[in-house]
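Just so we're on the same page: letters track the sequence lines, and every chain starts at 1.
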Amino acid sequence: MSEIDPCDWCEEVLQPYLDRDLDATDVQKVKHHLAECSWCEKRFTFESDFRRLVRQAVIEPMEPELKAKLAALRLEL
Amino acid sequence: MSETSSEEARRIAQGARDRVHFEEEALALADQVYRVARGVSRSKEEAEDLMQETYARAFRSWASFTPGTNLRAWLLRILTNLNIDRGRRQQRTPDQQPLEEGDYFLYNRLEATSGETDEERILDRLSQDHVAEALAAVPHDFRDVLVLVDIGEFTYAEAAQILDIPIGTVMSRLHRGRRILKQQLAELALEAK
């Protein structure tokens, strides 16, 4: 069986790594690889900033009127 | 007052206190729930309707909530189910399914078309409007998972519980959803150039 290319492996586990849903052994392997591979490190930085952008893009505070409407839905005592 | 009726009165009073407590906790989470509502809806109006339906149902069925469990997840489960029931979902046929590219597709495309090598500058080419528009174009099954994990910051296990799907399905939908999102964004960003 041929050895998996470390950068291919890194791409495969990078999303769970960013989601903090990767096991501890693999987390260490990813960190180790990112420290020595600038090609993957660049992509890691981009992916991580990209997530922040997605999170910020749809954050739109709720209108105060809606909050009042929700509170009005409470059952009467 | 007899023993039993004062017992009964105490029980009713306690029930009312529990309910008020529940309602207050649910309302305190409204901003976080709204974030997900907005992410899975196509417009602000739709998100607001969905919020009201969700809270009306939550207040009515408060007794089925188990105290000490995750209230935010419980509310979002109501919300995602209502969203499915209402058929507010974009119609999707297989040929409308966007083509799927690799995880690094967006980075590679932006890098290739700008000659820019600084990651932060590359990201500057994407506006928040682009992201919102691209997200709206992601098919609903994928978008629900994407919104819960990336915006609601739920774990895979929590998202699985909310949507009532296996954890493996959460992971595969998330994986495909992100790729589709990137593909949409690459198109928008390159058009805008």
### Same cluster (ILVMFWY, side-chain, under 4.5 Å), B:Leu75 and B:Trp62
yes
### Query
Side chain, backbone, both or neither: which part of A:Leu66 has a heavy atom under 4.5 Å from chain B?
side chain
#### Entry: Pairs of heavy atoms under 4.5 Å with chain A: top-ranked of B:Asn108, B:Leu146, B:Asp103
B:Asp103
### Task
Kindly give the heavy-atom pair with the smallest separation between A:Arg74 and B:Val20, and that separation in Å.
NH2-CG1, 3.5 Å
### Query
Taking NZ, NE, NH1 and NH2 as the nitrogens, is one of them in B:Asp31 or A:Lys67 under 4.0 Å from a carboxylate oxygen of the other?
yes
### Query
Are B:Phe105 and B:Ile180 co-members of a hydrophobic cluster defined by side-chain heavy atoms under 4.5 Å apart?
no
#### Entry: For B:Arg173, all residues meeting side-chain contact (heavy atoms from CB on, under 4.5 Å), sequence neighbours excluded
B:Asp141, B:Phe142, B:Val145, B:Ile165, B:Thr169
### Task
Identify which part of A:Glu47 has an atom lying under 4.5 Å from any heavy atom of chain B, answering side chain, backbone, both or neither.
side chain
### Message
Is there a path of hydrophobic side-chain contacts, each under 4.5 Å between heavy atoms of I/L/V/M/F/W/Y residues, joining B:Leu82 to B:Val36?
### Response
yes
### Interatomic distance, A:Asp19 atom CG to B:Leu174 atom CG [nearest 0.5 angstrom]
5.5 Å
#### Entry: Interatomic distance, B:Tyr107 atom OH to A:Asp49 atom CG [nearest 0.5 angstrom]
11.0 Å
### Pairwise distance CD(A:Gln15) to CZ(B:Arg178) - rounded to 0.5 angstrom
5.0 Å
### Summary
Rounding to 0.5 Å, atoms CD (B:Glu23) and CG (A:Leu70) come to a distance of 12.0 Å
### Query
Among A:Met62, A:Arg51, A:Lys69, which has the most heavy-atom pairs under 4.5 Å with chain B?
A:Met62
#### Entry: Contact class of A:Leu18 relative to chain B, heavy atoms under 4.5 angstrom
neither
### Summary
Looking only at B:Tyr34, B:Tyr104, B:Phe59, most heavy-atom pairs under 4.5 Å shared with chain A are made by B:Tyr104
#### Entry: Verdict with reasoning, B:Glu153 to A:Arg55, per side-chain contact (heavy atoms from CB on, under 4.5 Å)
CA-CA 9 Å; B:Glu153 297 183 78; A:Arg55 202 167 301 144; 3.8 Å; yes
### Query
In Å, rounded to the nearest 0.5 Å, how long is the span from CZ of A:Phe46 to CG of B:Leu106?
4.0 Å
### Query
So with a 6.0 Å cut-off around CZ of B:Arg72, is the heavy-atom count from everything else above 12?
yes
### Summary
Rounded to the nearest 0.5 Å, the CG atom of A:Leu53 sits from the NE2 atom of B:His130 at a distance of 11.0 Å
### Task
Applying side-chain contact (heavy atoms from CB on, under 4.5 Å), name anything that partners B:Ala134, two or more places apart in sequence or on another chain.
B:Leu181, B:Gln184, B:Leu185, B:Leu188
#### Entry: Which atoms of B:Asp129 approach chain A - backbone, side chain, both or neither, heavy atom under 4.5 Å
neither
